[in-house]
Amino acid sequence: MPHVSNADRPDPIAGIMEVTRNAESEMRRKDRVLGRTLVIGRAYLASTVLIVILAAVLLLPHSDGVRGIDVLFFTDAAADQWTSLPSHIFVLLYSVGTIGFGALMILTQKWWAAGVAWSAACVSAVYGILAIWLRQSGRGPDPDFQGFGGPGIGMYLSEILLFLLIGTLAGVLWTRTPEQRQLEENARSGDGL
């Protein structure tokens, strides 16, 4: 019987490990490529419409005699009405964060822009509730100020639109392409590529 040396035989475990590493790295590479762009679907289109409407709402009255655009740019009309810091933060966050990064999401279709817009909408919605409450309670920075106006239609509409955007942008972020779903299924079942 001829003598067979173990040194001449390839290690079967090392071969299996090499094939598995190659398949996993190829799967990860494909997932990274697919994960960079958003899926154009109902949530994406609804978010686009809501972002455009939210931008238009800046032209509506934020409070008595003050438009949202006045609050955004700290105009004299906003100063005369003693616009509170939460109102400024509210309008600034949803203008720069939600509208700005939402527009970037629309133009580039990148998931990170949708993530920033969603985060800004979440934080801005909290400040919006505080701003509305301060306006309704008549609590301005100067308690002796008599002409303190209540919240305007623009303030209410922007808050409602932000809550709608939180839901639709979350849908945009969680939507997967058919290719991504197939990769996830392959990874779960261990089929590789």
Could you check whether any side-chain heavy atom of L72 comes within less than 4.5 Å of a side-chain heavy atom of Y94, counting everything from C-beta outward? no

d(L134 CG, I129 CD1) to nearest 0.5 Å is 12.0 Å

One should read off an interatomic distance between L157 CG and L162 CG, to the nearest 0.5 angstrom, of 11.0 Å

Consider only side-chain heavy atoms of I, L, V, M, F, W and Y, link residues closer than 4.5 Å, and tell whether V52 and L104 are in one cluster.
no

Here the gap from S124 atom OG to L92 atom CG, rounded to the nearest 0.5 Å, amounts to 9.0 Å

Requested in this report: For residues L58 and V91, determine if any side-chain heavy atom of one lies less than 4.5 Å from a side-chain heavy atom of the other.
Outcome: yes

Requested in this report: Before giving the answer on side chain to side chain contact (heavy atoms under 4.5 Å, CB included), spell out for W112 and F101 the whole-Å C-alpha distance, their side-chain angles and the decisive distance to 0.1 Å.
Outcome: CA-CA 9 Å; W112 59 266; F101 280 93; 4.0 Å; yes

query: Does the S63 side chain pair with the main chain of G152, one donor and one acceptor, at a distance under 3.5 Å?
result: no

With a 4.5 Å cut-off on side-chain heavy-atom distances among I, L, V, M, F, W and Y, is there a chain of contacts connecting V96 to L59?
no

Minimal heavy-atom distance between G102 and A117, with the atoms involved, is N-CB, 3.8 Å

Nearest heavy-atom contact between V57 and G154 is CG1-O, 3.3 Å

Examine F73 and L85 and state if one hydrophobic cluster contains both, with Ile, Leu, Val, Met, Phe, Trp and Tyr joined whenever side-chain heavy atoms are less than 4.5 Å apart. yes

To the nearest 0.5 Å, atom OH of Y44 lies from atom CD of Q109 at 4.5 Å

Can you hop from F74 to I99 via hydrophobic side chains spaced under 4.5 Å? no

Checking I51, L173, T98 against M105 for side chain to side chain contact (heavy atoms under 4.5 Å, CB included), the one that qualifies is I51

(message) Please tell me whether I132 and V126 are part of a single hydrophobic cluster in this structure, the criterion being side-chain heavy atoms less than 4.5 Å apart.
(response) no

To the nearest 0.5 Å, atom CH2 of W118 lies from atom OG of S47 at 12.5 Å

On a heavy-atom basis, the closest approach of T83 and R135 is CA-NH2, 3.3 Å

| message | Given 3.5 Å as the limit, does a donor-acceptor pair link the side chain of S158 with the main chain of M155, or not? | response | yes

Here the pair of heavy atoms bringing A43 nearest to G171 is CB-C, 3.9 Å

Q136 and P151 have their tightest heavy-atom pair at CG-CG, 3.6 Å

Value for CG (D70) from CZ (R67), rounded to nearest 0.5 Å, stands at 4.5 Å

Exercise. Spell out, as yes or no, whether a donor-acceptor pair under 3.5 Å connects the side chain of H88 to the backbone of V71.
Key: yes

